[in-house]
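A quick write-up on the structure given underneath.
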Amino acid sequence: ARADATDVSRIAPPRSAAIVMGSAKVKGTSVSETLTAALTTQLTAAGVETTTCRATDFLRDGPARATAARVAAADLFVL
């Protein structure tokens, strides 16, 4: 029998998450930053190891590769 796509009972919860924040505003002035902080707090409280990256981290080759590696290693990716 084929599994029901809506049955999430066998899906393991994420152990790690990478959040990429798209705002380029000055630190402390972005709604995206506030939402990211709130989500990070909730995920951390649930036992999820969370890393936050800025979209601007992808502008230079070296930092872009390191950021992409962190995102690829996460169980959960949030943009």
Side-chain angles (χ1 to χ4, degrees):
R2 186 174 171 177
D4 180 1
T6 61
D7 180 13
V8 296
S9 63
R10 292 183 287 172
I11 297 175
R15 295 177 311 238
S16 62
I19 303 171
V20 176
M21 184 175 46
S23 179
K25 290 184 178 181
V26 176
K27 187 175 180 178
T29 64
S30 165
V31 171
S32 296
E33 185 177 11
T34 302
L35 292 171
T36 297
L39 181 57
T40 298
T41 298
Q42 291 180 353
L43 288 170
T44 301
V48 179
E49 182 181 331
T50 306
T51 183
T52 302
C53 313
R54 293 182 172 272
T56 55
D57 294 344
F58 289 99
L59 295 178
R60 290 184 205 85
D61 191 40
R65 289 178 189 273
T67 301
R70 289 198 316 264
V71 169
D75 295 332
L76 173 67
F77 166 57
V78 180
L79 177 62

side-chain contact (heavy atoms from CB on, under 4.5 Å) involving [X] - partner list, sequence neighbours excluded:
X: L76; result: P14, A17, L43, V78
X: T34; result: none
X: T44; result: T40, T50

Report task. Would you please name every residue forming a side chain to side chain donor-acceptor pair (under 3.5 Å) with R60, sequence neighbours left out? Result -> none
Query raised in the report: Should side-chain heavy atoms under 4.5 Å link Ile, Leu, Val, Met, Phe, Trp and Tyr, which residues sit in the same cluster as L79?
Result: V20, F58, V71, F77
Report summary line: Shortest non-hydrogen pair, S32 vs S30, comes out as N-OG, 3.0 Å
Requested in this report: Write down the atom of S16, the atom of A74, and the distance for their closest heavy-atom approach.
Outcome: OG-CA, 3.4 Å
Query - CG on L39 to CE on M21, rounded to 0.5 Å - result: 12.0 Å
Report summary line: Taken to the nearest 0.5 Å, the spacing of T67 OG1 from R54 CZ works out to 12.0 Å
**Report entry** All pairs passing salt bridge (Lys or Arg N to Asp or Glu O under 4.0 Å) where residues 69-79 contributes a residue, at least two apart
**Finding:** R15-D75
